[in-house]
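In what follows, a single structure is set out as structure tokens and then discussed.
In this text, all values refer to a predicted model and were calculated from it rather than measured experimentally. Letters go in sequence order (proteins before strands), and every chain restarts at 1.
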Protein chains: 2
Amino acid sequence: MAAFMYSQSLQSVKVYSGGHLFSSRRRYPSPFLKKNAPCIVSACIPKLQKELSLASPEIGMLLDSVKWDDKGLAVAIAQNVDTGAILMQGFVNRDALATTISSRKATFYSRSRSQLWTKGETSMNFINIHDVFLDCDRDSIIYLGTPDGPTCHTGAETCYYTSAFDFLKDSQVGESKMALTTLYLLESTISQRKAEIAEPQIGKPSWTKRLLTDDKLLCSKIREEADELCRTLEEKEDKSRTASEMADVLYHAMVLLGLRGVKAEEVLQVLRQRFSKSGVEEKESRKK
Amino acid sequence: MAAFMYSQSLQSVKVYSGGHLFSSRRRYPSPFLKKNAPCIVSACIPKLQKELSLASPEIGMLLDSVKWDDKGLAVAIAQNVDTGAILMQGFVNRDALATTISSRKATFYSRSRSQLWTKGETSMNFINIHDVFLDCDRDSIIYLGTPDGPTCHTGAETCYYTSAFDFLKDSQVGESKMALTTLYLLESTISQRKAEIAEPQIGKPSWTKRLLTDDKLLCSKIREEADELCRTLEEKEDKSRTASEMADVLYHAMVLLGLRGVKAEEVLQVLRQRFSKSGVEEKESRKK
């Protein structure tokens, strides 16, 4: 039955831009897609889009519920749905938010040019919207989406690459250090260690470098850590042991990804494509 | 030598609030801490704090570099350094930003009350700052930190729990669906499946539920997926295979975490405590 469910779900899935990642040696049951689930997130986009136009009463009601400031604006923050990275922040007025919802491309209101602009309209690096969230005060908005390419006009992945604490050490601005959360800081560090291997005069010996240069050691560690993670369940060990062993699994697997030149973001894209539920399905499950 | 490096680094580490997670069955080499590395992220906080006061010329220069709006404000977005979740968004003036940097507690300027407020001053749910980032336009700021508890005044983890797309389906607001990125949406779904097991009349059969109720199956899948991930390296398979197998490892390991009641956030805390580098060290490595 599981296999049937999976093939069912595949038929209704519109594969996303990273769809080549979907090619799987072994198809396995999709744990989240129910037999009659209409679609997963990306597959739902056309449906919702078709239903909504800028003039629809639903969008009007939504726009009325936002607490616009004295200039008719609210803050909008674009966030990468897979990595959580904050890509950029702008302002929106009613038209910008309505356009974003209708077109599924992150759109803002330019305060300097007094006009709407859709991120990507010149660079083609659109931010494709998966959902839009309002905060408790209803004056701040998250655009949760997938970027087609670097978001910043400078070519950086995100607009946030200036660390205040770096500045305070050096009293100068300009060096690039991205605002990375833990997993991506680890990824970045592994990537640096990999680069250092090519230039032996740079850096010092490190465990990561050893793993990066010894496939046999790396693979034996990954298998060992996975085994130890399982044993925390099998031997009913303390919960903190599970967290600790999972950190080991994640670290060593991230080194393998780094070695192969695979980004954590690509892995999360695969996870999303396989496992994300549509808003409809999620809603249905909450009603029950 | 690796063992020596690790014990060195441990001595200089100030264990963070989640420090109990540090207890490890087996100490292993810290790949990122160099022999003479002064500290890791959390250990550096007191040092920087001591060096900076509100009146320091460095803070003055930093504040001068911000592009304040016509009301003397800029946008500040608080983000969880481990999960990437956007916790809240507020505005800052010069004093609020200076106070945040000096106190390492996220501080904002309340436009309605015309005064500074430090998140947590009444709830004690402070947001402890790890770094502060400015965007390319220098009018938008990220407070990257760890929250002591739920950030929203409603008790929700973050202030963003109202989906516009849910609203557009129902024409009503109020239901809670957090703005979750891929890994945390998966975590939430696993948690729902776990809850459904206790009430068999709810939901349908799913692969996740099978794994949640069969430790032997779950552990055999985790070991098998870890092995398949390794084989993509050993057998020089296509990169997309690595991403796909890593997604399998991550999914099954997340089910184990869910079963044990361990949050991905706790795992990332462990990773950060073990592997994060100080700004100082990162800077040094870039200079080389």
Side-chain angles (χ1 to χ4, degrees), chain A residues 2 21 24 29 31-32 34 58 62 75 77 81-82 84 89 131-136 140 142 152 154 159-160 162-165 167-168 171 179 181-182 186 189 202 204 206-208 215 219 222-223 226 230 233 239-240 242-244 246-247 256 260 262 266-268 270-272 275 279 288, chain B residues 2 20-21 24 29 31-32 34 58 62 75 77 81-82 84 89 131-136 140 142 152 154 159-160 162-165 167-168 171 179 181-182 186 189 202 204 206-208 215 219 222-223 226 230 233 239-240 242-244 246-247 260 262 266-268 270-272 275 279 288:
Chain A
L21 296 173
S24 184
F32 302 125
K34 293 174 187 168
E58 292 86 357
L62 176 72
V75 166
I77 305 158
V81 69
D82 290 319
Q89 176 261 313
D131 206 342
V132 170
F133 286 85
L134 305 180
D135 80 339
C136 52
S140 182
I142 293 179
C152 189
T154 61
C159 295
Y160 299 87
T162 304
S163 156
F165 289 170
F167 176 92
L168 292 169
S171 299
T181 53
T182 297
L186 172 61
T189 307
I202 296 177
K204 294 180 181 179
S206 83
W207 178 241
T208 303
D215 291 3
C219 290
I222 291 172
R223 291 183 173 102
C230 292
L233 175 64
K239 275 167 64 168
S240 68
T242 301
S244 178
M246 180 60 185
L256 188 144
R260 301 231 66 203
V262 173
E266 294 171 63
V267 175
L268 290 163
V270 176
L271 265 184
R272 173 167 47 81
F275 302 120
K288 287 166 199 157
Chain B
H20 62 283
L21 296 174
S24 184
F32 303 125
K34 294 175 186 167
E58 291 87 355
L62 176 73
V75 167
I77 305 158
V81 70
D82 291 319
Q89 177 261 312
D131 206 341
V132 170
F133 286 85
L134 304 180
D135 80 339
C136 53
S140 182
I142 294 179
C152 189
T154 60
C159 295
Y160 299 88
T162 304
S163 158
F165 289 171
F167 176 92
L168 291 168
S171 298
T181 53
T182 297
L186 172 62
T189 307
I202 295 177
K204 294 180 181 178
S206 83
W207 178 241
T208 303
D215 291 2
C219 289
I222 290 173
R223 290 183 174 102
C230 292
L233 175 64
K239 275 168 63 167
S240 67
T242 301
S244 177
M246 180 61 186
R260 300 231 65 203
V262 174
E266 294 171 64
V267 175
L268 290 164
V270 175
L271 265 185
R272 172 166 48 80
F275 302 121
K288 287 167 197 154

(request) Nearest 0.5 Å please: distance from the CG atom of A/L134 over to the SG atom of B/C159. (result) 12.0 Å

(request) Locate the shortest heavy-atom distance separating B/A226 from A/A226; write the atom from each residue and the value. (result) CB-CB, 3.5 Å

(message) Between A/L256, A/V75, A/D82, A/L233, who has the most heavy-atom pairs with chain B when the cutoff is under 4.5 Å?
(response) A/L233

(message) Ignoring hydrogens, what is the shortest heavy-atom contact between B/V270 and A/A247? Give both atom names and the distance.
(response) CG1-CB, 3.7 Å

(message) Report which part of B/I77 has an atom under 4.5 Å of a heavy atom belonging to chain A: side chain, backbone, both, or neither.
(response) side chain

(message) For a quick test of reading the model, state the closest non-hydrogen atom pair linking B/V262 to A/A243 and the distance between them.
(response) CG1-CB, 3.9 Å

(message) Within the 4.5 Å heavy-atom criterion, are B/C136 and A/Y160 side-chain neighbours or not?
(response) no

(request) Calculate, to the nearest 0.5 Å, the distance between atoms OG and CD1 belonging to A/S163 and B/I142 respectively. (result) 11.5 Å

(message) Could you check whether any side-chain heavy atom of B/F165 comes within less than 4.5 Å of a side-chain heavy atom of A/L62, counting everything from C-beta outward?
(response) no

(request) Measure the CZ-OG1 distance between B/R260 and A/T242 for me, rounded to the nearest 0.5 Å. (result) 4.0 Å

(message) Looking at A/D135, is its backbone amide N or carbonyl O close enough to the side chain of B/T162 to form a donor-acceptor pair, meaning the two atoms are under 3.5 Å apart?
(response) no

(request) Nearest 0.5 Å please: distance from the CD atom of B/E266 over to the NZ atom of A/K239. (result) 6.5 Å

